[in-house]
Amino acid sequence: MGSTTSSVVIRGGTVVNADRAFRADVLCQDGLVVQVAETVSSEGAQVIDAGGQLVMPGGIDPHTHMQLPFMGTTTMDDFYSGTAAALAGGTTSIIDFVIPDPKEPLMDAYRKWRGWAEKAASDYSFHVAVTWWDESVKRDMGTLVKEEGVNSFKHFMAYKNAIMCDDETLVSSFKRSLELGAMPTVHAENGELVFLLQADVKARGVLGPEGHPLSRPPAVEAEAAQRAIAIADVLNVPIYVVHVSCAESASAIARARANGQRVFGEVLAGHLTVDESVYRHKDFAVAAAHVMSPPFRNKLNQEALWHGLQSGHLHTTATDHCTFCAEQKAAGKDDFSKIPNGCGGVEERMAVIWDEGVNTGRLTPSEFVAVTSANAAKLFNIYPRKGCVAPGSDADLVVWDPAGTKTLSVKTQKSLGDFNIFEGRTVTGIPTHTLSRGRIVFALGDLRAVRGAGQYVKRPPFGPQFDALQRKATQQAPQAVPR
Ligand code: URQ
Ligand code: ZN
Ligand code: ZN
């Protein structure tokens, strides 16, 4: 079966979208879904037998870092290897991050990252981080929204003396995001507290990876989440909190949403399944391999995160795929605060969420589609082009065998990382075929990712929906009191 063709028919499967599941064949032509019906003509088409399987929108991972220069090194996966790994796991789009150095013009950083991503095998898009502020940043945000199809801006509230932004930047950038119809997003950890706690933990002689979670307790995340939510509330701008890892942050989001505030939350597959015991592993390399921020938490937090997804207070799942090898992690062998932060997962996310979510009854197949694809497409304004199996949508599809099994391992992963945080986990429910804009890029274990075949996905601003918010924001502005 060749890897490219203008026509593919997926026959005999059950289509699962975020709103419903139904028996249908799918005809793809020239990169698009053209027909979804009980039977479709397969004249001149390649045919995939999906009998007994599900046909779902390809996964969208809204949080990856391919080829990221960070903490003095650069991740193992670049935009080709990372997106190839994604396709092998049924994820067909990533939203990565442009992260300007402080004082680096946003447009310069954006052009740099766009160059790096030309090798991508899957479609991709970028959140752009606002890591500093002046009028040129405000101007570049406008250019990015109006000309480059960026509709989300990231803010790191952690990583002091590096990419952390202060409240002035948060307020200025959130306000600008509302003006532009763009979604502000945050990495919510109080970087000042982390900095102090890191010094405190080391002063007590704890220098190994077990010190990492001690310096970033849930309260440090919850404070930042609540602060970002409060700033967004006052400015009346929506906000998306990335990698929500603890019950406290999930509760803060649920409270804000119950008050009618537009707050959205993302959960990593890792935080749903891996716990803080990994940091006490006797082997430095294993403990260090799990150093990411926010850290893996006490197991009790996992049920709170699942409840967030089930209740609709948390909306997307992601991976924060950011792979550093043992040699890179060893930079922190004498000081945990120097271990490059990041773990993999872009290939495993879909199967892990299916196994832990659907097989346990926490999520229906449609809810699985919502949290692995459709909600990210809606929140970042590319639905139903992405995140849906319907005529006119991109033919980004995954054929899913709910009875198939696989043991996840670094030995078989496509990522160039040398560790797998899901090592040894046997999952039931795996992709058998992945189509990227109608091209068969993964078939029965055979990966046919094509370097450079991925396209940059422009994401339009949230014009009309945001207009009402802007009106409310101005109405709330204090009226001049007549003297
Ligand atoms: O903080 C992030 O999201 C980036 C730098 C990846 N690393 C991590 O530990 N999460
Ligand atoms: Zn982060
Ligand atoms: Zn990240």
Side-chain angles (χ1 to χ4, degrees), residues 61-77 82 86 94-102 109 113 124-131 152-165 170 184-191 194-195 198 209 211-213 215-216 220-222 224-225 228 239-246 249 265-272 274 276 278-279 287-297 316-325 328-329 331-332 336-346 349 376 380 415 417 419 421:
D61 189 337
H63 191 153
T64 62
H65 299 280
M66 307 306 177
Q67 215 158 333
L68 175 69
F70 189 57
M71 294 179 72
T73 186
T74 299
T75 57
M76 294 298 291
D77 279 312
I94 63 170
I95 308 182
D96 208 283
F97 292 83
V98 173
I99 306 179
D101 292 326
W113 253 270
Y124 58 93
S125 193
F126 286 112
H127 310 287
V128 176
V130 175
T131 53
S152 50
F153 290 101
K154 175 73 173 291
H155 306 80
F156 289 94
M157 300 171 77
Y159 305 125
K160 178 180 172 70
N161 297 332
I163 54 177
M164 183 174 98
C165 58
L170 288 177
T185 81
V186 290
H187 170 132
E189 287 183 298
N190 182 312
V194 170
F195 187 75
Q198 283 179 332
H212 179 66
S215 65
R216 310 177 97 102
V220 162
E221 177 184 328
I239 184 169
Y240 178 93
V241 183
V242 308
H243 49 45
V244 175
S245 76
C246 59
S249 300
E266 169 194 282
V267 186
L268 303 188
H271 284 132
L272 287 165
V274 180
E276 63 180 355
V278 295
Y279 298 117
H290 290 90
V291 168
M292 67 155 297
S293 296
F296 297 114
R297 303 285 191 197
T316 63
T317 60
T319 61
D320 204 352
H321 188 90
C322 186
T323 47
F324 298 106
C325 67
Q328 292 171 305
K329 292 278 189 173
F336 66 82
S337 68
K338 294 189 171 43
I339 299 173
N341 284 205
C343 296
V346 76
R349 174 183 65 120
F380 296 111
S415 164
F419 196 83
I421 60 171

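Throughout, numbering of the chain's residues begins at 1 and tracks the sequence. Start at 1 and go down the list; that is how both ligands and their atoms are numbered. As the structure is a computational prediction, the values presented were derived from the model and not from experiment.
Contact annotation: Tyr159 has at least one heavy atom less than 4.0 Å from an atom of ligand 1.
Side-chain N or O atoms of His155 include one that pairs as donor or acceptor with a backbone N or O of Phe153 at under 3.5 Å.
With 2.8 Å as the limit, His243 does not count as an N, O or S neighbour of the Zn ion (ligand 3). Not a single N, O or S atom of His63, from either the backbone or the side chain, sits less than 2.8 Å from the Zn ion (ligand 2).
Ligand 1 has no N or O atom lying under 3.5 Å from any N or O atom of Lys154, backbone or side chain.
Within ligand 1, the atoms closer than 4.0 Å to a non-hydrogen atom of His243 are 3 (O), numbered from 1 in the order shown. Atoms of ligand 1 found under 4.0 Å from any heavy atom of Met292 (numbered from 1 in listed order, with element): 9 (O), 10 (N). Annotation for ligand 1: atoms under 4.0 Å from non-hydrogen atoms of His63 are 3 (O).
Put simply, the side chain of His212 reaches to within 4.5 Å of the side chain of Phe336, judged on heavy atoms. Counting only heavy atoms from C-beta outward, the side chains of Ser249 and Val241 never approach each other to under 4.5 Å.
When the N, O or S atoms of Asp320 are ranked by distance to the Zn ion (ligand 3), OD1 comes first. Nearest N/O/S atom of His65 with respect to the Zn ion (ligand 3) is recorded as NE2. Distances from the Zn ion (ligand 2) to each N, O or S atom of His187 single out ND1 as the nearest.
In summary, Arg297 and Glu221 engage in a salt bridge, as defined by a charged side-chain N under 4.0 Å from a carboxylate O.
Heavy-atom minimum distance, His271 versus Pro294: NE2-O, 2.9 Å.
More than 12 heavy atoms of other residues, nucleotides or ligands sit less than 6.0 Å from atom CZ of Phe70.
No option in Asp96, Thr323, Asp320 other than Asp320 meets the side-chain hydrogen bond (donor to acceptor under 3.5 Å, both in side chains) test with His65.
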For Phe324 and Phe419: C-alpha separation, side-chain torsions, deciding distance, then whether ring pair (Phe, Tyr, Trp, His ring centres under 6.0 Å) applies.
CA-CA 9 Å; Phe324 298 106; Phe419 196 83; over 10 Å; no
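The protein atom (non-hydrogen) at minimum distance from atom 4 (C) of ligand 1 is His65 NE2, 3.4 Å. Annotation: atom 6 (C) of ligand 1 to nearest protein heavy atom, Asp320 OD1, 3.5 Å. Atom 7 (N) of ligand 1 has its closest protein heavy atom at Asn341 O, 3.1 Å. In terms of protein heavy-atom proximity, atom 9 (O) of ligand 1 is nearest to Ser293 N, 2.7 Å.
No hydrogens or angles considered: nothing links the side chains of Glu266 and His243 as a donor-acceptor pair under 3.5 Å.
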